Chemist: 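One structure, pasted below without further comment.
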Amino acid sequence: MSNPITTAEVDRNFSNPCSRWHQKGALPYQTDGKLASQRLRQPLFTPAIRPGFQLQREDKLFAIGSCFARGIESALIEQKMEVLSRTTEFDSFPAANNEMRLGFTNKYNTFSIYNELHWALDPAAEFPRHSLVEVGNGLFYDPHTNPALQLSSLEETIRRHQLIETVTRRIAQCRVVIITLGLAEVWRDKIADIFLNHTPIPEALRSHPDRYEFHVTNFAQNLSNLERIHTLLSQFGHPDVQVVVTVSPVPLMATFSGEDVVIANTYSKSVLRTVAQEWAAAHKNVHYFPSYEIVQNSDRLATWEEDLRHVKGEVASHIMRLFLRHYLAGSPDTPYKLSASPNPVPAGVGRGKTTISWSSDGDAAAVVYVSKDGAEPALFANGSHGSEEARWIESGATYEFTLHGGPNLNTRLARISVARLKQ
C-alpha cells in the first residue's frame, strides 16, 4: 500500500502549476504555458522535474543499462566530470558492424544488470564460466556481453569478461549511479540456470537448440531484481550512493511473444516504467528521471528517425540538457540559483555580512536554510526568489546555505558554503 498523503500536502501538491491538464479559456499554443495541453503542443516536451539530489562537480559517476546510459556519460564528460563506466580499455575488443565499443557495458534487462553487479561486487559471487558455449571452430560465445562482440577462443572470451567485471567494480567508488531499463523480454540458459543479456546469437541457437528458453517477465520479477541491485549497492557501494533510474524509450526491434510487436512493446515499457516508479518510491536514494515521457510526448516527426525506433540527436540533446539543468549543481542552465556576495566575506572588526540571493524554478515555492559548522539547519528565508543579508558571519566558521523546494519543500536544489577571511 502506498504512503498516505495529508490534505495539507495535497493542497501544496495541487498548487504546482504543472498539476493540471487543461483549464477552460487557456490559450492552447502559449509557449510558456504550464498546462499539459499547452506543453504537449510544443515540438519537444518539457516535463516538470524535481530532483531529489544534486550532482556535484567532484562526484564520480557510473552508468549501466541500455543506450540512454551512454548518452548521460557523454553529456557529463563534456561537463568535465569523472565517469568511471567510460573507459578506453574496451578499445582492444573487436566489434562487428562497427559497433560503438563503449556499448560493451550495455545491459538490456534487470536480470543482466543484477548479474553483472553481483559478479563484480560480491566477493562470494563467481562468474558462471559454464554459461560460455562453444559454437564451433574453437570459438566461444558469452551471452552476457554485447552481441556485437566478435567471437574468440575460450581463454580470450574469459579475459574479456574479466575486464568487464574490473570496469564494473568501479561502481563502488561512485556516488551517482544511473540505471536505464530496456527490456522485459529475456532469455534463460536452462543448463547454467541464468538469464542472459540479450537474445542468443544464431550460432548458439544452432549449436545448442534446446539450451535456451524465452520469458516475458512480469512486474514482480523485475522489481525483485532492482531490490537486489539496491541491496548490492547499499552493501558494497558508495556510502552516499544516489541512483537515477530511467526507462529507455527505444522500442523492441522484434518480439518472440507471438503478440503484435506494438502491443508487446507497450507491455514491456509499461512494466518497466511501473517498476521504476515503485522502486524510486521505496528508497530515498533512488530517483526517477522521465526520459521515456520526454520522448513519447514529443512531436513524432521531430523525435524519431525514419525507422521510428531510434531517437533523433536533437531530442537526445534536449533530454541531456534537462538532466544537467536539474541535477548538476552550478550548471549554467540550471533554473535554481543560490549565491553569496561577497564570498568569502572580507576580514574586519565585528561580524561580517554577505547577501544571499536565490531563485527556484519559475514561481515554485522555496526555502533557504543555514547551518553553522555542520549544526542543525535553521530557516534563513523563504519565497520563490529573493535576497537577504546575513549580518553575523564570524571568522573561523563555515556557513552552509541550502535552497530547498519540491512539493514538500524538502528537496535540496542547491547549496553554497560561506566563510570569512581572517584578520
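Since we're looking at a predicted model, the values are computed, not measured. The residues of the chain are indexed from 1 along the displayed sequence.
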Chemist: Whether the side chain of Asn265 engages the backbone of Val250 through a donor-acceptor N/O pair (distance < 3.5 Å, no angle test) should be reported.
Modeler: no
Chemist: So, the side chain of Gln23 versus the backbone of Leu35: is there a donor-acceptor pair under 3.5 Å, distance only?
Modeler: no
Chemist: Are the side chain of Lys269 and the backbone N or O of Gly182 linked by a donor-acceptor pair below 3.5 Å?
Modeler: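 Indeed, once roles are kept as given, a pair shorter than 3.5 Å links the two residues.
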Chemist: Can you label the angle between the Tyr327 ring and the Phe323 ring as parallel, tilted or perpendicular, going by 30° and 60°?
Modeler: parallel
Chemist: Give a yes-or-no answer on whether the side chains of Ser37 and His22 include a donor-acceptor pair shorter than 3.5 Å.
Modeler: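 There is such a pair between these side chains.
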Chemist: Nearest 0.5 Å please: distance from the CG atom of Asp142 over to the OG atom of Ser131.
Modeler: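 Answer rounded to 0.5 Å: 6.5 Å.
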Chemist: Heavy atoms, side chains only, cut-off 4.5 Å: are Trp358 and Asn382 in contact?
Modeler: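 Heavy-atom side-chain distance check fails, nothing below 4.5 Å.
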Chemist: When you check the side-chain N and O atoms of Glu293 and Tyr288, is any donor under 3.5 Å from an acceptor?
Modeler: yes
Chemist: Using 4.0 Å as the upper bound for N to carboxylate O, is an ion pair formed by Arg129 and Glu155?
Modeler: no
Chemist: Does any non-hydrogen side-chain atom of Val368 lie less than 4.5 Å from one of Thr402?
Modeler: no
Chemist: Distance-only criterion, 3.5 Å: show the donor-acceptor pairs between side-chain atoms of residues 201-210 and protein atoms not counting sequence neighbours.
Modeler:
residue : atom : partner : partner atom : Å
Ser207  : OG   : Glu203  : O            : 2.8
His208  : NE2  : Glu134  : O            : 3.0

Chemist: Got a second to check how far Leu183's CG is from Leu181's CG, nearest 0.5 Å?
Modeler: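 One finds 10.0 Å between CG of Leu183 and CG of Leu181.
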Chemist: So which atom in Lys107 and which in Ser112 form the shortest heavy-atom distance, rounded to 0.1 Å?
Modeler: CB-OG, 3.7 Å
Chemist: CG of Asn285 to CG of Leu233: how many Å apart, nearest 0.5 Å?
Modeler: 8.5 Å
Chemist: Would you say Ser224's side chain and Ala220's backbone share a donor-acceptor pair under 3.5 angstrom?
Modeler: no
Chemist: Do you know the tightest heavy-atom contact between His326 and Leu322?
Modeler: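 So the two residues come closest at ND1-O, 2.9 Å.
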Chemist: Run the side chain to side chain contact (heavy atoms under 4.5 Å, CB included) check on Gln79 and Leu328 step by step: do they pass?
Modeler: CA-CA 9 Å; Gln79 295 292 322; Leu328 180 58; 3.7 Å; yes
Chemist: Between atom CD1 of Ile49 and atom SG of Cys18, what is the distance when rounded to the nearest 0.5 Å?
Modeler: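 Ile49 atom CD1 to Cys18 atom SG measures 10.5 Å (nearest 0.5 Å).
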Chemist: Does the side chain of Arg86 pick up a donor-acceptor pair with the side chain of Ser74 at under 3.5 Å?
Modeler: yes
Chemist: Measure the shortest side-chain to side-chain distance between Glu400 and Val370 over non-hydrogen atoms and say whether it is less than 4.5 angstrom.
Modeler: no
Chemist: According to the salt bridge (Lys or Arg N to Asp or Glu O under 4.0 Å) rule, which pairs have a member within residues 220-230, sequence neighbours left out?
Modeler: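 Output for this query is empty, none listed.
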Chemist: To the nearest 0.5 Å, how far apart are OH in Tyr141 and CG in Leu154?
Modeler: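 So the gap between those two atoms works out to 15.5 Å.
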Chemist: With a 6.0 Å cut-off (strictly less than), is the heavy-atom count around CD of Glu314, excluding the residue itself, greater than 12?
Modeler: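 Counting other residues, nucleotides and ligands, CD of Glu314 stays at 12 neighbours or fewer.
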Chemist: Can you tell me if Trp21 uses its side chain to pair, donor with acceptor, with the backbone of Ala36 under 3.5 Å?
Modeler: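 Between the backbone of Ala36 and the side chain of Trp21 there is no qualifying donor-acceptor contact (under 3.5 Å).
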Chemist: Go through Asn109 and Leu196 one step at a time and tell me if the side chain to side chain contact (heavy atoms under 4.5 Å, CB included) criterion holds.
Modeler: CA-CA 9 Å; Asn109 59 72; Leu196 313 182; over 6 Å; no
Chemist: For Phe236 and Pro123, which heavy atoms make the closest approach, and how far apart are they?
Modeler: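 Here Phe236 and Pro123 meet closest at CE2-CD, 3.6 Å.
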Chemist: With a 4.5 Å limit on heavy-atom distance, are the side chains of Tyr369 and Leu379 in contact?
Modeler: yes
Chemist: List the steps and the verdict of side-chain hydrogen bond (donor to acceptor under 3.5 Å, both in side chains) for Glu185 and His215.
Modeler: CA-CA 6 Å; Glu185 294 192 1; His215 290 249; over 6 Å; no
Chemist: CG of Asn137: more than 12 outside heavy atoms within 6.0 angstrom?
Modeler: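 No, CG of Asn137 has 12 or fewer neighbouring heavy atoms, counting only those of other groups under 6.0 Å.
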Chemist: Are Glu165 and Arg169 close enough for a salt bridge, meaning some N to O gap below 4.0 Å?
Modeler: yes
Chemist: Once rounded to the nearest 0.5 Å, what's the spacing between atom NE2 of His310 and atom OG1 of Thr303?
Modeler: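 One finds 14.5 Å between NE2 of His310 and OG1 of Thr303.
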Chemist: Distance alone, cut at 3.5 Å: any donor-acceptor contact between the side chains of Ser85 and Glu73?
Modeler: yes
Chemist: Could you go through the side chain to side chain contact (heavy atoms under 4.5 Å, CB included) check for Val315 and Val295 one step at a time?
Modeler: CA-CA 7 Å; Val315 180; Val295 171; 4.1 Å; yes
Chemist: Quick check against the 3.5 Å criterion: does Asn343 have a side-chain atom that pairs as donor or acceptor with the backbone of Thr354?
Modeler: no
Chemist: Does NZ or CZ of Arg175 fall inside the cone over Phe62's six-membered ring, less than 6.0 Å from its centre and within 45° of the axis?
Modeler: no
Chemist: Using a distance-only test with no angle check, is there a side-chain donor-acceptor pair under 3.5 angstrom linking Thr355 and Glu388?
Modeler: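 Checked: Thr355/Glu388 side chains show no N/O donor-acceptor pair below 3.5 Å.
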Chemist: When you measure from the side chain of Ser19 to the backbone N and O of Phe14, does any donor-acceptor pair fall under 3.5 Å?
Modeler: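 At least one qualifying donor-acceptor pair exists.
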Chemist: Would you say His118 and Glu116 are linked by a side-chain donor-acceptor pair, where the criterion is simply a distance under 3.5 Å?
Modeler: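 No, because no side-chain N or O of Glu116 sits under 3.5 Å from a partner of the opposite role on His118.
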Chemist: Step through the shown structure and confirm whether more than 12 heavy atoms of other residues, nucleotides or ligands are within 6.0 Å of CD on Glu126.
Modeler: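 No, because the 6.0 Å sphere around CD of Glu126 holds 12 heavy atoms or fewer from other groups.
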Chemist: Applying the ring pair (Phe, Tyr, Trp, His ring centres under 6.0 Å) criterion to His144, which one of Phe195, Trp119, Phe111 satisfies it?
Modeler: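 Testing each of Phe195, Trp119, Phe111 against His144, the sole residue satisfying ring pair (Phe, Tyr, Trp, His ring centres under 6.0 Å) is Trp119.
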Chemist: Check whether any side-chain heavy atom of Thr274 sits under 4.5 Å from a side-chain heavy atom of Phe219, and report yes or no.
Modeler: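 With C-beta onward as the side chain, the pair touches.
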Chemist: Taking the side chain as every heavy atom from C-beta outward, state whether Pro128 and Ile194 have any atom pair closer than 4.5 Å.
Modeler: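 The answer is yes, as the side chains (C-beta and beyond) meet within the 4.5 Å cut-off.
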Chemist: Tell me the closest heavy-atom pair linking Asn13 and Ile5, and the distance in Å.
Modeler: ND2-CG2, 4.1 Å
Chemist: Would you say the rings of Phe380 and Phe401 are close, in the sense that their centroids are separated by under 6.0 Å?
Modeler: yes
Chemist: Please find out if less than 6.0 Å separates the ring center of Trp187 from that of Tyr212.
Modeler: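 Judged by ring-centre distance (under 6.0 Å), Trp187 and Tyr212 do not meet the cut-off.
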Chemist: Looking at every non-hydrogen atom in both residues, tell me the closest pair between Leu272 and Ala184 and how far apart they are.
Modeler: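 Minimum heavy-atom separation between Leu272 and Ala184: CD1-N, 4.1 Å.
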Chemist: Sub-3.5 Å donor-acceptor pair from the side chain of Asp299 to the main-chain atoms of Ala302, do we have one?
Modeler: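 The answer is yes, because a donor-acceptor pair under 3.5 Å joins these two groups.
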Chemist: Has Asn197 got a side-chain atom pairing as donor or acceptor with Tyr108's backbone, closer than 3.5 angstrom?
Modeler: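 Looks like yes, one N/O pair under 3.5 Å.
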Chemist: Are Glu305 and Lys312 close enough for a salt bridge, meaning some N to O gap below 4.0 Å?
Modeler: no
Chemist: If every non-hydrogen atom of Ser66 is compared with every non-hydrogen atom of Ser248, which pair is closest and at what distance?
Modeler: OG-CB, 3.3 Å
Chemist: For the residue pair His238 and Gln173, confirm or rule out a side-chain donor-acceptor distance under 3.5 Å.
Modeler: no
Chemist: Taking NZ, NE, NH1 and NH2 as the nitrogens, is one of them in Asp189 or Arg211 under 4.0 Å from a carboxylate oxygen of the other?
Modeler: yes
Chemist: Within the 4.5 Å heavy-atom criterion, are Val311 and Trp304 side-chain neighbours or not?
Modeler: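 Yes, at least one pair of side-chain atoms sits under 4.5 Å.
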Chemist: Answer whether the closest heavy-atom distance between the side chains of Lys372 and Thr398 falls below 4.5 Å.
Modeler: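 No, their side chains stay 4.5 Å or more apart.
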Chemist: Could you please spell out the steps behind the side-chain hydrogen bond (donor to acceptor under 3.5 Å, both in side chains) verdict for Asn222 and Thr217?
Modeler: CA-CA 7 Å; Asn222 285 282; Thr217 60; 3.0 Å; yes
Chemist: Quick check: does any side chain N or O of Ser298 sit under 3.5 Å from a backbone N or O of Phe45, one acting as donor and the other as acceptor?
Modeler: yes
